[in-house]
Amino acid sequence: MIKIIIALGAFFALTLITGCSQRAQAINQMVSEYLFSKDINRFDSTPLQPQFQYLEVHSNTAQALMVLGYVESAGPDQPLIHTWYSGDYEFFRTQGGRLLDVSGVTPSQRNTQLHWQYTRQGIPLATHKTFDQPELQVFNYSETLTANLVTHNQIQFATPLQRRLQANAHQWVWVIESRSGAMAHLPASLYAYTQTGQPVYGRECLTTTQCFEWLYRKNEQ
């Protein structure tokens, strides 16, 4: 479960360490929205600071609004890696709209590496994945990924974040991704991109009971 109650001491420590009052204000705003509202859609109307990028993340049991911490290169012809932070130091790392690593949950996912190919539109499609799930004693597990482009009419829009995209679903490129081997029984992953290949939405299950979905708040508009 994503840790969602921040210790005041940790927050002030973050403010001192970063020396960035604006970023601290963004995190403080995010924490306040959680503490004072239990509505599952509470972040839908949260005013966001335009100088920051935000990722809204939902698990089976919790929600968080995360701020982009930094962007790093993964090498030539590889999508950039984005690391997002919640107010209590939990992180959520993405690449090409896919989940790489996540902390604060059991099982976690770590040390993920993806191999990529691109459609003519520039949509990134992952073809192979290697990762660890330390709590399950899974290390350096490799699997083949199969991605299929689908139309919005093939999407059920069953989750809160999916329903927020439904009205404009026709304008996104939708990708359904299945897995091989021991993970083949897990629900297929779902991703949405703009027509230029920018990630909008993602959903992936780490186990049969632990799934995440995330929404890039800037790109959904």
Side-chain angles (χ1 to χ4, degrees), residues 48 50-59 64-86 90-105 108-133 140-152 155 161-162 164-165 168-169 171-181 183 186-206 211-221:
L48 307 180
Q51 66 268 40
F52 297 116
Q53 295 186 44
Y54 296 84
L55 189 74
E56 185 171 342
V57 181
H58 290 206
S59 71
L65 189 62
M66 311 187 85
V67 178
L68 180 61
Y70 60 91
V71 179
E72 59 186 304
S73 172
D77 300 321
Q78 300 290 313
L80 296 173
I81 296 175
H82 295 75
T83 301
W84 311 82
Y85 290 99
S86 68
E90 304 295 4
F91 68 85
F92 195 90
R93 187 171 291 121
T94 60
Q95 182 184 24
R98 266 71 170 178
L99 171 62
L100 284 185
D101 306 318
V102 58
S103 68
V105 299
S108 61
Q109 180 170 287
R110 303 296 180 100
N111 303 319
T112 302
Q113 295 185 352
L114 295 169
H115 296 270
W116 300 90
Q117 65 181 21
Y118 294 86
T119 69
R120 292 180 180 178
Q121 296 171 284
I123 307 300
L125 304 178
T127 61
H128 189 84
K129 177 179 179 180
T130 303
F131 62 94
D132 298 338
Q133 289 183 336
N140 201 35
Y141 179 82
S142 296
E143 61 183 1
T144 299
L145 305 174
T146 302
N148 293 291
L149 274 64
V150 299
T151 67
H152 68 281
I155 309 299
L161 293 186
Q162 290 172 7
R164 286 192 2 217
L165 293 173
N168 298 316
Q171 71 186 40
W172 314 125
V173 178
W174 293 91
V175 178
I176 291 180
E177 183 181 270
S178 58
R179 307 168 72 167
S180 65
M183 304 294 183
L186 295 177
S189 300
L190 176 66
Y191 307 98
Y193 295 87
T194 67
Q195 296 294 330
T196 58
Q198 297 301 309
V200 174
Y201 167 86
R203 184 176 190 272
E204 180 181 336
C205 294
L206 304 187
C211 297
F212 289 93
E213 62 173 346
W214 53 96
L215 182 65
Y216 292 78
R217 293 295 302 270
K218 182 178 181 179
N219 294 344
E220 66 166 315
Q221 302 172 357

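The chain is numbered in sequence order, starting from 1.
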Minimal non-hydrogen separation, [X] against [Y], with atom names:
X: Cys205; Y: Leu186; answer: O-CD1, 3.6 Å
X: Leu99; Y: Asp101; answer: CD1-O, 3.6 Å
X: Phe212; Y: Ser59; answer: CE2-CB, 3.7 Å
X: Tyr85; Y: Gly69; answer: CD1-CA, 3.8 Å

Next on the checklist: Under a plain distance cut-off of 3.5 Å, with no hydrogens placed, do Gln133 and Tyr141 share a side-chain donor-acceptor pair?
Outcome noted: no
Next on the checklist: Regarding Gln195 and Gln121, do their side chains bring together a donor and an acceptor under 3.5 Å, going by distance alone?
Outcome noted: yes
Check whether any side-chain heavy atom of [X] lies under 4.5 Å from a side-chain heavy atom of [Y], and answer yes or no.
X: His128; Y: Leu145; answer: no
X: Ser103; Y: Arg110; answer: yes
X: Leu206; Y: Val102; answer: yes
X: Trp116; Y: Thr127; answer: no
X: Tyr54; Y: Val67; answer: yes
X: Leu55; Y: Leu68; answer: no

List the atom pairs, donor and acceptor, that lie under 3.5 Å between side-chain atoms in residues 75-84 and the rest of the protein, sequence neighbours left out.
unit_1 : atom_1 : unit_2 : atom_2 : d
Thr83  : OG1    : Arg93  : NE     : 3.0
Trp84  : NE1    : Thr94  : OG1    : 3.1

Look only at the side chain of [X] and the backbone of [Y], and say whether a donor-acceptor pair between them is shorter than 3.5 Å.
X: Gln109; Y: Leu100; value: yes
X: Asp132; Y: Asn140; value: yes
X: Trp214; Y: Gly97; value: yes
X: Thr112; Y: Phe131; value: no
X: Tyr193; Y: Gly96; value: yes

Checklist entry - Do Arg203 and Leu161 pass the side-chain contact (heavy atoms from CB on, under 4.5 Å) test, and can you show the C-alpha distance, the side-chain angles, and the key distance before you say yes or no? => result CA-CA 10 Å; Arg203 184 176 190 272; Leu161 293 186; over 6 Å; no
Say you draw a straight line from [atom1] of [X] to [atom2] of [Y]; how long is it, rounded to the nearest 0.5 Å?
X: Met183; Y: Glu143; atom1: CE; atom2: CD; result: 6.5 Å
X: Gln113; Y: Gln95; atom1: CD; atom2: CD; result: 9.5 Å
X: His58; Y: Gln162; atom1: NE2; atom2: CD; result: 11.5 Å
X: Leu125; Y: Thr146; atom1: CG; atom2: OG1; result: 11.0 Å
X: Tyr191; Y: Glu177; atom1: OH; atom2: CD; result: 4.0 Å
X: Glu90; Y: Met66; atom1: CD; atom2: CE; result: 7.5 Å

Next on the checklist: Determine whether Ile155 and Leu165 satisfy the following criterion, side-chain contact (heavy atoms from CB on, under 4.5 Å), listing intermediate values before the conclusion.
Outcome noted: CA-CA 11 Å; Ile155 309 299; Leu165 293 173; over 6 Å; no
Checklist entry - Can a salt bridge be assigned to the pair Lys129 and Glu204 using a cut-off of 4.0 Å between side-chain N and carboxylate O? => result yes
Checklist entry - Could you go step by step and tell me if Leu215 and Glu213 meet the side-chain contact (heavy atoms from CB on, under 4.5 Å) rule? => result CA-CA 7 Å; Leu215 182 65; Glu213 62 173 346; over 6 Å; no
